[in-house]
Amino acid sequence: MANMAYISLICIIFCMQPITTFYIPGVAPLDFKRGENVEVKAVKMTSTKTQLPYDYYDVAVHCKPINGTKYKSENLGEILRGDRIVNTKFKVSMDVDIRCQPLCKDITLNPQESATLGKRIRKNYYVHLLVDNLPCATKFQNVDTHEVLYEHGYRLGLYTKQTDELYLNNHLVMKLYYHKESEELYRVVGFEVEPKSIDSKRITFKDDGTCAIENGQEMQKINPKGENTVTMTYEVEWAFSETRWASRWDTYLAMTDAQIHWFSIVNSVIVVFFLAGILSMIIVKTLRRDIARYNQEDSDDVTEETGWKLVHGDVFRPPRGKNFLAALIGSGIQIFLMSFIVIVFAALGMLSPSSRGALITAACFLYVFMGLIAGFYSGRIYKTIKGSNWKRTAALTATLYPGIVFGVGFFLNFFIWGKRSSGAVPFTTMLSILMMWLGISFPLVCFGFYFGYRKQPYDQPVRTNQIPRQVPEQQWFLHPVLSTLMAGVLPFGAMFIELFFIFSAIWENQYYYLFGFLFLVFIIIIISCSQISIVITYFQLCGEDYHWWWRSFIASGGSAFYVFVYSIFYFFTKLDITEAIPIMLYFGYTLLICFTFWTLTDMSAAAGVIIFRQVEQKSIEYLLLQTSYGEHHWTPPKGHLDNDESPLEAAERETKEEAGLDKNDLKYYDKFEEKITYDVNGKPKDVYYYLARLNNAQQKINLSDEHQNISWSNLHDACDLVKHENLQNILRKAEEFIKK
């Protein structure tokens, strides 16, 4: 009681302390005094029709300041987004209205500049400006609902498809809003732009440096095939707003309010939790019934074992492709940790849209440093599945996923470079990313892998049999492709609504801010994927198929197929992309997201050694082993080839396991290597054979549990025992090779 009273007193003391607030670095409010200069910066020009951003000064009508351009030093996220923040010629002072100020007088555009400007207007490009890190927006009203909405930036110009005419928005009405924290301090809380197209002939200049606009309807028409003379002007209007600085982004984040269906999101959450609960009940109930039946001790009624109980001695048999499986699991852990931490911090408001480029930057650095944990678990899993070549697997874990992403990104970047877009990642930035990967992530993954591989492997509750059990023919619904597609439905059902907003943020230049819902959906996807993997694995084991390692890994990968199908639907229904390079970028990046779910191969392989001896100049004798299962056939020592082994390494290992002969007991002939190919259950299988001489002809052969007898036979007798014609031909070739 005394301890509880002491703890309560401490809590009360802390609660009584003065509460202070703090601002995240880089997003603190900036105070202005009346008449103080308010800098207007440009970010870029964007279009949903091309998905290729361009620098603000890509078009000649945006005249440069007299003192030259100064580009802001940007973070990694801003560079990857294509932002190129630069100063402009606009002159704005706090709470000082300006009526018609000329920006550029009588700009003469040559035919090439006119063609570039016309192309940008035709592709519906938007210009993005910044004031105090607040982007400009254009206000408009929904025709059906009469709701006031905003779109990012302002249109560079207008294009009338019926008459094929182009008009330039050469006059900007900047409406800026401020909030006063005190009598003398102002804060910018709103930035609207109303673009207008005014014929330069209607603009007259005054002696005081200002301008006037005559009444009329004539607009600034652009001839894309000839010269044009253009005058750029602007005006500034200041107004007081009740909106506080902390809430000034609410207007921008409500831009997609017309398409938000909160009820659908909540409904999806409830349905997924309900289905996950049903799956859990089914699994628990079924397992309890099977285990109870299995544990019944009734001497009068002996129940025959069926289903998953028959494969308990094979369920932890190491899978094929150990190195790829461990590498993919490690990459998945790395991506999972990065995503989880980024979403949590974004939900807490630390990676809001006001922190320009912070989300992408944080994701890149977190992915790099999460390599240590990913390498550790990848190494321990590789040790558990009895992998031996840990160095190569560690390197594969560090390079598989980032290598493909970097390679595809580098390839697509060539095409963006060719378009001279600001979205092209500069070569120096690519070198920096490469150094982050090879200089930080790669060593961390290998370091973690080393310690993970040195740890004790995960405990396996049952012992693995020496002889693998034959897998019976499976039901149609247990086919890997079909079961994977069925398993992907539930995770996709949990994410497809959020997928719409994510796609809108990426491809339609919208702000994504529903990180709270995204965190909830992320947790639901984890739960549903775990449930689905368990169900698929359980039904697979009930079908006496113990090759569950890869199946459980890709079970939820079916959702990637549905994501790609949805991306095709989104492309044709929401986007208006017509050019080849933007289409390639869209599908290239979409496929990049989905590629890890479909890395499977159907090729299997094995290797063996033809061992011979010759006692006191007698005939050559070959070692054959008789299996203790199946048809008890005779073969030389051989076994399955793992993906992280060479055929010779597998042959040496199998010879040691099956006959007890180490490679030091044998003399291998490097120039002899033969391969035979045959079908096993409709899949091609390659078997490599090598030739070796037993150093001590009297050495004892130690059989494994997989074999029951040995035979030292001459060529004639050996061919009679092995039966298979391909292996008989290899024995004859070996005889010829030895005699030479």
Side-chain angles (χ1 to χ4, degrees), residues 42-64 82-84 86 88-90 102-129 135-140 150-174 192-203 213 216-234 416 418-423 507-509 575-583:
V43 184
K44 59 184 174 181
M45 298 188 300
T46 61
S47 170
T48 57
K49 290 187 176 183
T50 65
Q51 300 297 329
L52 294 170
Y54 284 94
D55 189 277
Y56 175 74
Y57 292 112
D58 175 71
V59 288
V61 293
H62 293 156
C63 47
K64 298 180 180 181
D83 294 353
R84 300 293 183 267
V86 65
T88 63
K89 201 176 179 180
F90 295 103
L103 190 68
C104 309
K105 296 181 182 179
D106 299 329
I107 306 172
T108 301
L109 305 178
N110 58 40
Q112 183 179 356
E113 294 172 336
S114 299
T116 301
L117 178 61
K119 186 177 181 180
R120 300 289 180 263
I121 296 175
R122 195 184 302 271
K123 293 300 181 181
N124 197 27
Y125 267 84
Y126 281 73
V127 181
H128 300 272
L129 301 178
C136 69
T138 305
K139 182 190 291 187
F140 68 96
Y150 293 85
E151 60 183 3
H152 301 293
Y154 67 89
R155 293 193 179 190
L156 179 62
L158 302 173
Y159 170 59
T160 56
K161 194 171 184 179
Q162 294 80 4
T163 59
D164 194 29
E165 292 179 337
L166 301 168
Y167 299 95
L168 172 68
N169 286 326
N170 60 331
H171 181 76
L172 302 182
V173 180
M174 297 183 179
E192 297 176 10
V193 173
E194 182 183 346
K196 296 181 180 180
S197 180
I198 300 173
D199 192 346
S200 297
K201 297 177 182 178
R202 293 168 49 201
I203 302 174
I213 301 175
Q217 300 296 325
E218 294 83 4
M219 301 168 66
Q220 180 61 58
K221 189 175 181 180
I222 297 296
N223 177 17
K225 298 180 180 179
E227 291 188 352
N228 293 272
T229 302
V230 177
T231 296
M232 303 293 292
T233 58
Y234 69 99
I416 306 176
K419 287 288 186 177
R420 300 182 181 275
S421 168
S422 65
W507 303 111
E508 295 190 61
N509 297 316
L575 299 180
D576 190 20
I577 301 176
T578 55
E579 294 185 3
I581 292 179
I583 292 174

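Source: prediction; values computed, not measured. Quick note: residue numbers are just sequence positions, from 1.
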Quick check against the 3.5 Å criterion: does [X] have a side-chain atom that pairs as donor or acceptor with the backbone of [Y]?
{"X": "T233", "Y": "H171", "result": "no"}
{"X": "S114", "Y": "K225", "result": "no"}
{"X": "N228", "Y": "G226", "result": "yes"}
{"X": "N170", "Y": "I198", "result": "yes"}
{"X": "R202", "Y": "E218", "result": "yes"}

Please report the interatomic distance [atom1]([X]) to [atom2]([Y]), rounded to the nearest 0.5 Å.
{"X": "T160", "Y": "E165", "atom1": "OG1", "atom2": "CD", "answer": "5.0 Å"}
{"X": "L172", "Y": "M232", "atom1": "CG", "atom2": "CE", "answer": "6.0 Å"}
{"X": "L156", "Y": "M45", "atom1": "CG", "atom2": "CE", "answer": "6.0 Å"}
{"X": "L166", "Y": "L117", "atom1": "CG", "atom2": "CG", "answer": "8.0 Å"}
{"X": "D199", "Y": "K221", "atom1": "CG", "atom2": "NZ", "answer": "11.0 Å"}
{"X": "Y126", "Y": "Y154", "atom1": "OH", "atom2": "OH", "answer": "12.5 Å"}

Answer whether the closest heavy-atom distance between the side chains of [X] and [Y] falls below 4.5 Å.
{"X": "Y56", "Y": "L129", "answer": "yes"}
{"X": "N124", "Y": "Y159", "answer": "no"}
{"X": "I213", "Y": "K196", "answer": "no"}

Taking all non-hydrogen atoms of both residues into account, name the closest pair between [X] and [Y] and its distance.
{"X": "Y57", "Y": "C63", "value": "CE2-O, 3.6 Å"}
{"X": "L52", "Y": "S421", "value": "C-OG, 3.7 Å"}
{"X": "E227", "Y": "N110", "value": "CG-CA, 4.2 Å"}
{"X": "S200", "Y": "T231", "value": "OG-N, 3.1 Å"}
{"X": "P224", "Y": "R122", "value": "CG-NH2, 4.4 Å"}
{"X": "V230", "Y": "L109", "value": "CG2-CD1, 4.2 Å"}

message: Among T50, T48, T46, exactly one meets side-chain hydrogen bond (donor to acceptor under 3.5 Å, both in side chains) together with Y125. Which residue is that?
response: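 Going through T50, T48, T46 one by one, the side-chain hydrogen bond (donor to acceptor under 3.5 Å, both in side chains) with Y125 is satisfied by T50 alone.
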message: For K64, I'd like to know if atom NZ has over 12 heavy atoms of other residues, nucleotides or ligands within 6.0 Å.
response: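 Open: at most 12 neighbouring heavy atoms sit under 6.0 Å from NZ of K64.
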message: Against Q220, only a single residue in L168, T229, N169 fulfils side-chain contact (heavy atoms from CB on, under 4.5 Å); can you say which?
response: L168
query: Under 30°, 30 to 60°, or over 60°: which ring-plane class applies to Y234 and F90, parallel, tilted or perpendicular?
result: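 Perpendicular.
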- prompt: Can a donor-acceptor pair be found between the side chains of Y54 and S47 at a distance below 3.5 Å?
  reply: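 There is no such pair (donor and acceptor under 3.5 Å, judged by atom type) between the side chains of Y54 and S47.
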